[in-house]
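Have a look at the structure below before the remarks.
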Amino acid sequence: MKTLTPLMLTGALLAVPAAAQAPTPIEPGYWETTSQVISPFPTKKTEKRCIKPEDVAKFIGGSPNRHYTCTYPTRDIADGKIRLVGSCKTKNSAPVPITGDGVYTRDTLRLDARVKAKVGGLNVPVHARTIGKRLGDCPA
């Protein structure tokens, strides 16, 4: 069974503003993210990547990778605060409930998420966290 990763949870955050000139909620650039599962089985992964203006929505507003499809009927993003409620699923799995709360600035992001994953027929609560920081402009 594939588990939901903290990076997947980060994908829940925001939609790109409708107007092309509207600022994005975070500053595009070179970002470092540390994704970790706090419980029940601790893991941690840090990665760096270039977030282009057109990638902001995918980075913070959609499924984080090709393995998951996430929907968030409740998505409250304003004044540096994040609240989301929805579900994520893989191609062959049932949706798994997910909630998240966090904070962001133009150059930082922190999201704590809670998932109720099914493992062997049991509901297992999972607490995950993603912390991101903008390091600067993307390397050439």
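Given the structure is predicted, the values throughout are model-derived calculations rather than measurements. Note: hydrogens, waters and symmetry copies are ignored here, and every other heavy atom, side chains too, is used. Quick note: residue numbers are just sequence positions, from 1.
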Next on the checklist: Does any part of the side chain of His127, heavy atoms only, come nearer than 4.5 Å to the side chain of Val37, both counted from C-beta?
Outcome noted: no
Next on the checklist: Assess, by modelled atom type and distance only, whether the side chains of Thr130 and Thr33 contain a donor and an acceptor separated by less than 3.5 Å.
Outcome noted: no
Checklist entry - Just wondering, do Val126 and Pro40 contact through their side chains at under 4.5 Å, heavy atoms? => result yes
Checklist entry - How long is the span from the OG1 atom in Thr108 to the CD1 atom in Ile131, to the nearest 0.5 Å? => result 10.0 Å
Checklist outcome for this item: Nearest heavy-atom contact between Pro28 and Lys52 is CB-C, 3.9 Å
Next on the checklist: So Glu32 and Glu47, do their side chains get closer than 4.5 Å, heavy atoms only?
Outcome noted: no
Checklist entry - Under 4.5 Å between any side-chain heavy atoms of Tyr72 and Cys88, yes or no? => result yes
Checklist outcome for this item: Between the CD1 atom in Ile26 and the CG atom in Asp107, the distance rounded to the nearest 0.5 Å is 9.0 Å
Checklist entry - Roughly how far apart are Lys116 NZ and Thr99 OG1, rounded to 0.5 Å? => result 8.0 Å
Item to check | Heavy-atom pair of closest approach, residues Pro73 and Gly86 | outcome: CD-CA, 3.8 Å
Checklist outcome for this item: Heavy-atom closest pair (Pro139 atom, Tyr30 atom, distance to 0.1 Å) is CD-CD1, 3.6 Å
Item to check | Value rounded to 0.5 Å, distance of CD in Gln36 from NZ in Lys45 | outcome: 14.0 Å
Checklist entry - With side chains defined as the heavy atoms from C-beta onward, is the minimum distance between Asp112 and Asp101 less than 4.5 Å? => result no
Checklist outcome for this item: To the nearest 0.5 Å, atom SG of Cys70 lies from atom NZ of Lys89 at 10.5 Å
Next on the checklist: Using side-chain heavy atoms (C-beta onward) and a distance below 4.5 Å, is Lys81 in contact with Arg83?
Outcome noted: no
Item to check | Closest contact, heavy atoms only, Asp55 versus Cys50 | outcome: OD2-O, 4.2 Å
Checklist entry - Take atom CG in Asp79; do more than 12 heavy atoms of anything else shown fall under 6.0 Å from it? => result no
Item to check | Lys48 side, atom NZ; Trp31 side, atom CH2 - distance, nearest 0.5 Å | outcome: 14.0 Å
